[in-house]
Amino acid sequence: MDNGSVHEHLWHNCFLKMTLKKCTSIIFFYTYIQPISKENNDENGGDHSINARTTSNPPDSDTSDASYNSWMVEHPSALDSFDRMIKAAKGKKIAVFLDYDGTLSPIVDDPNRAFMSDEMRAAVREVAKYFPTAIVSGRSREKVKEFVELSNVYYAGSHGMDIQAPPRPVKACEGKYHTLVPGKKIIKELEEETKKIQGARIEDNRFCISVHFRQVREEDYSVLQEKVKAVLRNYPDFDLSEGKKVMEIRPSIEWDKGHALEYLLDTLGLSNPNDVLPLYIGDDRTDEDAFKVIESRGQGYPIIVSSTPKETKASYSLKDPSEVLTFLLRLSRWRKSSSSSKQLAQIWGIGY
């Protein structure tokens, strides 16, 4: 597919090629990608599945500056490496993928108040003028869109199970995919089982469920985890994974942020690893799936957002959302000042 016709590509002829287990108690949901209307302008490496009969450890503890500095030798700052990264990008197309919580917004106690700053919103808007840009989150697509409030980005909610494109002149979509939706029954059971655990929050993300425990006392964590697992023993078609202060329940299908990254690149006509550099910034375990995809391509920039050392497939690092903001501003300024910026914007059909 050439760049000139990429946005007239039929969005969803074949989205999820997956095998679903037999399920009689779960709702099947049919959907497809559609453009965002202008009127509506406005989350978490390796195998992270948690078996229902295994345990996992609470989040990482703080480490010393010396340990972090040593870790950064293997994962240098994307800000310090910016000029070298851009030099390697000469003559290639860049596509930008961004996690939301902990990347574009700070991690907060109340997940419903994870607001991004106006400065961050402006920076993402500017980046999206020059590069195809997607927000890839474990949150529901609607919730992420409510937070971001931009019309010139792709929204990939529920770890990429629900994708919506910016408004563009695309053909009507006939393609559809189906996947398991957790349903109200699981949510009701989780709410009932966890209601006595102070600080536990259940969030319906449409294609997945988040159990937030940022406000749960440390001594109550194992109790909460066992209650969640107990509920899921009755639903073998769903898996439990854990991110940063959150447990997530997702359908037992082979689909994650890495698959979402590959799908978006393919749909945009950017699947050729020889001339395309995907840039993915994320802070949590589910972002590792996208990092691994970029690593396997041999081209691209996987960037982890972390102020503490952790195992990661990312090649570069940024400490926190404030550094993400600085990086995005530098990226947009670089492209804006380049002689090909206007031509690139015209290719994607994006106005200034």
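For clarity, every value in this text was computed on a predicted model and none was experimentally measured.
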Just checking E219: does its CD atom have more than 12 heavy atoms from other residues, nucleotides or ligands closer to it than 6.0 angstrom?
yes

Is E191 atom CD crowded by more than 12 heavy atoms from other residues, nucleotides or ligands, each under 6.0 Å away?
yes

Once you round to the nearest 0.5 Å, how far does [atom1] of [X] lie from [atom2] of [Y]?
X    : Y    : atom1 : atom2 : answer
M72  : S67  : CE    : OG    : 12.0 Å
K195 : K227 : NZ    : NZ    : 10.5 Å
E149 : K145 : CD    : NZ    : 10.5 Å
S332 : K129 : OG    : NZ    : 9.0 Å
L270 : I94  : CG    : CD1   : 11.5 Å
I209 : S140 : CD1   : OG    : 12.5 Å

Working note: Y235 + E189, criterion side-chain hydrogen bond (donor to acceptor under 3.5 Å, both in side chains); need CA distance, chi angles, decisive distance, verdict.
CA-CA 11 Å; Y235 299 94; E189 289 185 31; 2.6 Å; yes

Do [Y] and [X] meet the salt-bridge criterion of a basic N to acidic O distance under 4.0 Å?
X    : Y    : result
E295 : K292 : no
K143 : E203 : no
E226 : R233 : yes
D283 : K319 : no
D110 : R201 : yes

Is the shortest heavy-atom distance from the side chain of [X] to the side chain of [Y] under 4.5 Å?
X    : Y    : result
F147 : R139 : yes
L328 : L104 : yes
L265 : F97  : yes
V211 : L240 : no
F131 : R335 : yes
V136 : Y154 : no
I281 : V305 : yes
F291 : K257 : no

Any link between M120 and V108 through a network of hydrophobic side chains (Ile, Leu, Val, Met, Phe, Trp, Tyr) touching at under 4.5 Å?
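Not linked; separate clusters.
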
Does V216 share a hydrophobic cluster with I107, counting links as ILVMFWY side-chain heavy atoms below 4.5 Å and allowing steps through other members?
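No, V216 does not connect to I107 through the hydrophobic network.
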
Output a table of donor-acceptor pairs, distance under 3.5 Å, between side-chain atoms of residues 273-280 and any protein atom two or more places apart or on a different chain; print 'none' if there are none.
from, atom 1, to, atom 2, distance (Å)
N274, ND2, N272, OD1, 3.3
Y280, OH, D287, OD1, 2.7

Quick check: does any side chain N or O of [X] sit under 3.5 Å from a backbone N or O of [Y], one acting as donor and the other as acceptor?
X    : Y    : result
S306 : I304 : no
Y301 : M85  : yes
W334 : I86  : no
S81  : R84  : no
N69  : D65  : yes
H259 : D256 : yes
Y100 : A114 : yes
R330 : L79  : yes
Y155 : V148 : no
S210 : H212 : no

Shortest non-hydrogen contact from [X] toward [Y]:
X    : Y    : answer
G282 : D99  : CA-CB, 3.7 Å
P321 : S105 : CG-O, 3.8 Å
S315 : P76  : O-CD, 3.4 Å
N234 : A230 : ND2-O, 4.1 Å
I294 : P302 : CG2-CD, 3.7 Å
A156 : I163 : CB-CG1, 4.0 Å

Give the intermediate values and the outcome of side-chain contact (heavy atoms from CB on, under 4.5 Å) for residues K336 and E126.
CA-CA 9 Å; K336 188 175 183 178; E126 195 70 10; 4.1 Å; yes

Determine, stepwise, if the pair V124 / V153 fulfils side-chain contact (heavy atoms from CB on, under 4.5 Å).
CA-CA 9 Å; V124 175; V153 301; 4.1 Å; yes

Criterion side-chain contact (heavy atoms from CB on, under 4.5 Å) on T326 and V324, from CA distance to verdict:
CA-CA 5 Å; T326 301; V324 174; over 6 Å; no

Assess whether side-chain contact (heavy atoms from CB on, under 4.5 Å) is satisfied between Q225 and M247, documenting all intermediate values.
CA-CA 8 Å; Q225 185 184 61; M247 286 178 273; 4.0 Å; yes

